Q: 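I'd like to ask some things about the structure below.
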Amino acid sequence: MMIVAFLEFASYQNRKTIPMRSASIARFLGCAGLILCGSFATAENWPQFRGPHFNGSSTETNLPTEFSRTENVRWSADLPGPSAATPAIWGDHIFVSSTSPGNDELLALCFDRKTGKQLWKHEIAKGTRQDTRSTFAAPSPVTDGKVAIFFFGNGELVAYDFDGKQQWKRNLQNEYGSFAFQWTFSTSPLIYQNRLIMQVLQRDTPVNGRGLADKVNESYLMAIDPQTGENLWRIIRPSKAQAESREAFTTPIPYQHDGREELLVIGGDAITGHDPATGKELWRWGTWNPQRIGHWRHVPSPVVGDETILICAPKKDPIYAVAAGGKGLLDDSSIRWISTDDRNLTSDVPTPAFYDGDFFVLSDLRKMLMRVEPKTGKVKWEVKTPGLKKYEASPTVADGKIYVVNFAGDVVIFDAETGEIINNVSMDDPSENNVRSSVVVSGGNLFIRVNHKLYCIGK
């Protein structure tokens, strides 16, 4: 970073045809050294659901392992209600989606990263849920450093600048029809290449009074200008799935292979790759559901590593590893491996992580955590997750450690090399609202979101 800045400074001086004198160089290097001495100058942001690398990992180091609700806590902030959303962090701003059950409100919140002080709060809409399993505040916010964008399961999509001034607001249900989902829709938004990517993979017919009754409910993928809220493109994504198997709670994941940019989309019994500039479908593989079972909604998002795309089939079904770089309609020769030999290697809800050359798969139904080689499917180690509560929050991996959270708000830290448990910390009290938010890593700190608290852990 310092070298790049120095070259840019030198280039600027050359463009002005002013000789770069030794005093100028000394002043610049002195300032750069001061900047580099600050730990925050090299800190990674956590801009969206699966972090800076779209795979649940971070390059942060010196992360804490010893803490509690009162020990090694830099600050804690009160939250008005539960949400499964993962916070988004950029610089000194933390963006949090929340409910306020007492007021029956959906909220967009912003906190100061250094102090935990609430900088601003906006009421998005009245009504926090439509079923007992989740809330409308489950999708994670996203930011590009210019705007923070909040999406909610009732269709509300709103953008703010960092000072909290609303830039634009839309409601996807009002524009394209109510979401045809049996449960609460909770896809998280993605910002990639100056495009806000949204997906709605839903049933083609109404369910429980939700969805269009007079015509087919179309599943779609769309790109929006994050600064203006205007559509850049919108495409229909076809599916051969039946009933609930058309529903997906996944988030699109960007990937580059041999210079080709693409968006990976899972749902409706298929995975597809799309051109980010147009939405055009580049390739498709399916299916993990040849019998077209009708109750296989899809939750885990795709994850990529070592030119391998991981697909977690629903329920207790296997994981499929597909070779990246496909074109057109792929056949089964594109499959690198299927986890049929190890019944523990599966995930119904958590999205796996990729770190240090391997996948880390958390199975909520088998109650296992596993480290897996991408191209072979070889399991390097597998360990049982402690306790009786489920783990549905996706794992976070950084600094040689794996951080997972269960429904009760227990944060369990594993050694990424061996799978051994480093610590097990209770950060919340069990309640009817299950904790599902992943641990966020930024600036040498852990950010742990439980039902009514946001903790900043570490120095």
Side-chain angles (χ1 to χ4, degrees), residues 46-49 75-113 115-144 146-174 179 184-189 191 196 198 226 229 249 251 393 405 409 427-428 431-438 440 447-456:
W46 191 280
Q48 65 264 318
F49 167 51
W75 53 258
S76 65
D78 292 332
L79 297 177
S83 165
T86 296
I89 300 177
W90 192 286
D92 286 339
H93 291 73
I94 304 175
F95 304 102
V96 177
S97 297
S98 185
T99 59
S100 178
N103 299 319
D104 198 27
E105 294 174 341
L106 297 173
L107 301 175
L109 306 173
C110 179
F111 295 90
D112 185 287
R113 185 198 171 281
T115 66
K117 177 184 177 182
Q118 182 177 291
L119 300 177
W120 45 263
K121 176 178 73 172
H122 292 291
E123 179 190 332
I124 303 299
K126 290 289 185 181
T128 61
R129 61 172 70 232
Q130 67 185 17
D131 60 63
T132 58
R133 293 195 177 187
S134 187
T135 71
F136 290 132
S140 301
V142 63
T143 179
D144 61 356
K146 301 174 184 177
V147 294
I149 297 175
F150 295 78
F151 176 67
F152 296 86
N154 62 353
E156 295 287 358
L157 183 64
V158 58
Y160 298 98
D161 66 17
F162 276 35
D163 292 326
K165 181 180 179 181
Q166 182 177 303
Q167 302 300 293
W168 53 266
K169 187 176 183 179
R170 300 174 58 175
N171 188 295
L172 299 187
Q173 287 199 110
N174 293 344
F179 301 139
T184 302
F185 180 50
S186 58
T187 287
S188 294
I191 295 180
L196 171 66
M198 298 295 304
F249 302 85
T251 294
V405 186
M427 296 299 291
D428 202 16
S431 73
E432 61 182 9
N433 296 302
N434 296 321
V435 176
R436 293 189 176 97
S437 180
S438 299
V440 167
F447 295 86
I448 300 171
R449 190 249 172 85
V450 292
N451 284 318
H452 293 279
K453 287 280 188 181
L454 174 63
Y455 289 95
C456 177

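Any value given below was found using the heavy atoms of this structure, including those in side chains, with hydrogens, waters and symmetry copies removed. Since the structure is predicted, the reported quantities are computational estimates derived from the model, not experimental observations.
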Q: State, to 0.1 Å, how close G153 and Q173 come at their nearest heavy-atom pair, and which atoms those are.
A: O-NE2, 4.4 Å
Q: Considering all heavy atoms of both residues, which atom of S98 and which atom of F152 are nearest to each other, and what is their separation?
A: O-CE2, 4.4 Å
Q: Measure from the side-chain N and O atoms of S140 to the backbone N and O of F49, and report whether any donor-acceptor pair falls under 3.5 Å.
A: no
Q: Less than 4.0 angstrom from a charged side-chain N to a carboxylate O is my criterion; do K146 and D161 meet it?
A: no
Q: Whether the side chain of R113 engages the backbone of I89 through a donor-acceptor N/O pair (distance < 3.5 Å, no angle test) should be reported.
A: no
Q: Would you compute the distance between atom NZ of K169 and atom CD1 of I149 and round it to the nearest 0.5 angstrom?
A: 14.0 Å
Q: Taking all non-hydrogen atoms of both residues, which atom of A85 and which atom of P141 are closest, and how far apart?
A: CB-CD, 4.3 Å
Q: Can you measure from OG1 (T143) to CZ (F150) and round to the nearest 0.5 angstrom?
A: 9.0 Å
Q: Hey, is the main chain of N451 close enough, under 3.5 Å, to the side chain of N433 for a donor-acceptor pair?
A: no
Q: Between the main-chain N or O of V142 and the side-chain N or O of W90, is there a donor-acceptor pair closer than 3.5 Å?
A: no
Q: To the nearest 0.5 Å, tell me how far Q118 CD sits from I94 CD1.
A: 12.0 Å
Q: Would you find a donor on one side and an acceptor on the other, under 3.5 Å apart, between the side chain of K126 and the backbone of N103?
A: yes
Q: Any side-chain heavy-atom pair from L79 and L109 closer than 4.5 angstrom?
A: yes
Q: Are the side chain of H122 and the backbone N or O of G164 linked by a donor-acceptor pair below 3.5 Å?
A: yes
Q: Any side-chain heavy-atom pair from Y455 and V450 closer than 4.5 angstrom?
A: yes
Q: Answer yes or no: is there a donor N or O on one side and an acceptor on the other, between the side chain of D104 and the main chain of T128, under 3.5 Å?
A: yes
Q: A side-chain contact here means heavy atoms from C-beta on lying under 4.5 Å apart; do W168 and L157 qualify?
A: yes
Q: Could you give the distance from OG1 (T99) to CD1 (I124), rounded to the nearest 0.5 Å?
A: 13.0 Å
Q: Roughly how far, to the nearest 0.5 Å, is OG of S76 from CG of D78?
A: 6.5 Å
Q: Would you check if the side chain of W75 reaches a backbone N or O of L454 as a donor-acceptor pair within less than 3.5 Å?
A: no
Q: Is it true that atom NZ of K453 has more than 12 heavy atoms of other residues, nucleotides or ligands lying nearer than 6.0 Å?
A: yes
Q: Given side chains that start at C-beta, do those of L106 and T135 come closer than 4.5 Å, heavy atoms only?
A: no
Q: Please report the interatomic distance NE2(H452) to OG(S83), rounded to the nearest 0.5 Å.
A: 11.5 Å
Q: What pair of heavy atoms forms the shortest contact from Y160 to A108, and how long is it?
A: CE1-CB, 4.0 Å
Q: Can you find a pair of side-chain heavy atoms, one from L172 and one from F151, that are under 4.5 Å apart?
A: yes
Q: Without swapping roles, check the side chain of Q48 against the backbone of P189 for a donor-acceptor pair under 3.5 Å.
A: no
Q: Taking the six-membered ring for Trp, are F447 and W46 closer than 6.0 Å centroid to centroid?
A: no
Q: Of all heavy-atom pairs between R129 and S134, which one has the smallest distance, and what is that distance?
A: NH1-O, 3.1 Å
Q: State, to 0.1 Å, how close P226 and A159 come at their nearest heavy-atom pair, and which atoms those are.
A: O-CB, 4.3 Å
Q: Kindly say whether T184 contributes a backbone atom to a donor-acceptor pair with the side chain of D131 at under 3.5 angstrom?
A: yes
